[in-house]
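A short worksheet on the structure shown next.
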Amino acid sequence: MRRRPIVKSLLYVLSASVVISAGRVYVSHADDLDNGVNNTANAATVNTNTTNSAINNVLGSQLTADNFISTISPIAQSIANSNNLYASTMVAQAALESGYGASSLTKIANNLFGIKSFDGTGVKLKTSEYNSKGQAYSTYAYFKSYNSLMDSLQGYATFLTVNSRYANVFKSQSKDGLEAATNIQKDGYATDPSYASKLINIINTYNLTTLDGNTSSTNTNTSTTSTNNTTNPKPTTTKSKKTLATATYTYGNPLETFQLSSKFANYNLYTHVKDTTAKNVTGNWPGHLKAGSNVYVDCLAVRTYKGASTTWYRIKTSKNAKSYWVSAKAIDFPTIHIKEYNGKAKLSHANRGLYSNVFNSQTLAKSLGSSNSYKNQTFSVNQIATYTYHGKENTWYRINVSKLGDVWVNKMGVTYIKAEKKIAKKKATNKKKATKKKTTSKPSLYSKASGHAYLNNYGKFSLYNHIPGNYKHIQKTAWSQVKVPKDYKVVVNLKGIRTKYNTTWYRIVLNHKNYWISAKSLLFY
């Protein structure tokens, strides 16, 4: 019963080496390679034999415009994941550049992306370019030749990696494949003024974003090498066998600012999260920055490397500065005090944002809407958060909006807040005391919770069968007795507040069993 999926996978791999037999005038887009300096950086993907026009063309007649997407997608997805790229953008470019596999360049040279050759080798073809006014003109250029379509897909990934101008096409710089498609035109991959919109149309038409999965990128950097040993006698991939780090990205608000810590200068700036790609460029801290200086933060990454997790942030030293990644230790975060609350709040006419978290929190605050859309409406308040930032006290309320769920709004966006009376007044004193005693005797208050969270510094906290203080027989479970998920992602199914100490606890699922753990050990995105 297991043979059919295996055979299907082999067909996918074999299909990636085909060449289209139909001819079509090719339109070139990949214009340069860092002035030609690095055009032989990965010789394993280049074939300089221009006379061999039938390389790996066995299945060419089987590849059509109708099956191009389904054939290329699984191969592109694997290569994209190994190189921190979006498969949706890769497949869309392959389809657009090759005319869904029917271009002359694809037929002759297995070149899906129009990547040019600057050493006079490869294939010389007539191509169309666009001038600064958006007008098309014809010219001739040399294009790289590949042994197979799989080599072409890997060659595209290598092309973007060795060219620093395309840094913001990777997962660590673009929030999704659609943004990557926009960025790759901005970076000069194509002279066609409609290039990005064409890519986005292909992505949407074929729902290619499903190839990208979540924002987690796993880099094993297992690049494909050429089988043409006559042109490449020396192996070129020995340096790329290092296992790279993985990262899970969460995007916040581009206007959110934080202060640099006193030791920020001890940490490097990187174009990508450290060790998530073999090509990572470091940057320099501007000389005017000092401890306490503000930086803009718009993305968080949880980096996993050799079993250890660390937190990283993407920052800008000014609104128009280049984005870099830096360790969380380079940033100071205000201490936020959160307490449970039971009341009502009426939103004012002030146009204030509604966010997933409190502004200036370590988990970042993603914009979910505006209070102006709900002005003069009253909502239930379940938490209040206070903290001091830049010497100013900030107050935020967590309200429940029917279509959005729990969201945070700044005090400035609220007209008034009113506490609800928990205990009804009673005439008899003894009944009043009994009622009060009953409501305060509960060691913990519970509420429904659902979704996922990520374990963070979990080794500092214990696993319990109940929230401590609730029952006499509390049992601890050692971490060595449970299997921690590789991605540190766990299911959350119940929330509890330990009333005596006002601490928050969550019940999580590990190995199909429920355990209680302090909220301080979890990160929510």
Side-chain angles (χ1 to χ4, degrees), residues 9-21 26 28-30 33 38-60 62-63 68 71-85 87 89-91 93-95 97-119 121-123 125 142-163 166 220-241 278-279:
S9 299
L10 288 173
L11 287 175
Y12 276 140
V13 173
L14 290 172
S15 299
S17 63
V18 302
V19 178
I20 304 298
S21 58
Y26 174 72
S28 162
H29 291 301
L33 186 59
N38 296 319
N39 61 326
T40 57
N42 189 354
T45 62
V46 181
N47 176 18
T48 58
N49 185 356
T50 60
T51 62
N52 189 0
S53 61
I55 301 174
N56 292 338
N57 196 25
V58 178
L59 300 179
Q62 299 180 21
L63 193 62
F68 179 85
T71 301
I72 294 297
S73 291
I75 312 301
Q77 188 177 37
S78 175
I79 292 174
N81 288 340
S82 297
N83 289 273
N84 197 25
L85 293 166
T89 310
M90 182 183 289
V91 173
Q93 280 194 268
E97 295 282 356
S98 71
Y100 292 87
S103 73
S104 298
L105 184 61
T106 304
K107 174 185 175 183
I108 296 172
N110 289 334
N111 191 329
L112 286 167
F113 297 93
I115 297 178
K116 293 179 181 177
S117 171
F118 292 91
D119 58 3
T121 62
V123 179
L125 287 176
Y142 282 94
F143 297 88
K144 287 190 176 183
S145 181
Y146 297 96
N147 284 338
S148 68
L149 296 187
M150 182 181 291
D151 282 351
S152 178
L153 290 164
Q154 179 58 52
Y156 164 84
T158 303
F159 173 78
L160 297 184
T161 301
V162 300
N163 282 272
Y166 296 113
T220 56
N221 205 13
T222 54
S223 58
T224 306
T225 59
S226 171
T227 58
N228 190 343
N229 293 326
T230 59
T231 57
N232 298 290
K234 296 181 180 180
T236 60
T237 59
T238 55
K239 293 183 179 180
S240 62
K241 292 182 180 179
K279 300 290 182 180

* Quick one: do S98 and F113 satisfy side-chain contact (heavy atoms from CB on, under 4.5 Å)? Show the steps, please. => CA-CA 7 Å; S98 71; F113 297 93; over 6 Å; no
* To do: For side-chain contact (heavy atoms from CB on, under 4.5 Å), just list the numbers for T71 and L149, CA-CA rounded to whole Å, side-chain angles, deciding distance to a tenth of an Å, and then say yes or no.
  => CA-CA 11 Å; T71 301; L149 296 187; over 6 Å; no
* side-chain contact (heavy atoms from CB on, under 4.5 Å) assessment of I115 paired with F143 -> CA-CA 6 Å; I115 297 178; F143 297 88; over 6 Å; no
* Asked: Can you list the steps and then say if K116 with Y142 is a side-chain contact (heavy atoms from CB on, under 4.5 Å)?
  -> CA-CA 6 Å; K116 293 179 181 177; Y142 282 94; over 6 Å; no
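Expressed to the nearest 0.5 Å, how far CG of N84 lies from OG1 of T161 amounts to 8.5 Å. For the atom pair OG of S73 and CE of M90, the computed distance is 11.0 Å after rounding to the nearest 0.5 Å.
Nearest approach of G114 to L105, heavy atoms of both residues: CA-CD2, 3.9 Å. In plain terms, the two heavy atoms of F159 and Y166 that are nearest each other are CE2-CE1, 3.7 Å. Here the shortest heavy-atom pairing between N147 and D151 reads CB-OD2, 3.3 Å. Listed here is the closest heavy atom pair of M150 and I79: O-CD1, 3.9 Å.
S152 places no side-chain N or O within 3.5 Å of a backbone atom of Y146 that could act as its donor or acceptor partner. Proximity of a side-chain donor or acceptor of N111 to a complementary backbone N or O of K144 within less than 3.5 Å is detected.
The shortest side-chain heavy-atom distance between I72 and L153 falls under the 4.5 Å cut-off. Side-chain contact between L112 and Y156: absent, with no pair of heavy atoms (C-beta onward) separated by less than 4.5 Å.
A donor-acceptor contact under 3.5 angstrom links the side chains of S103 and T106, judged on distance only.
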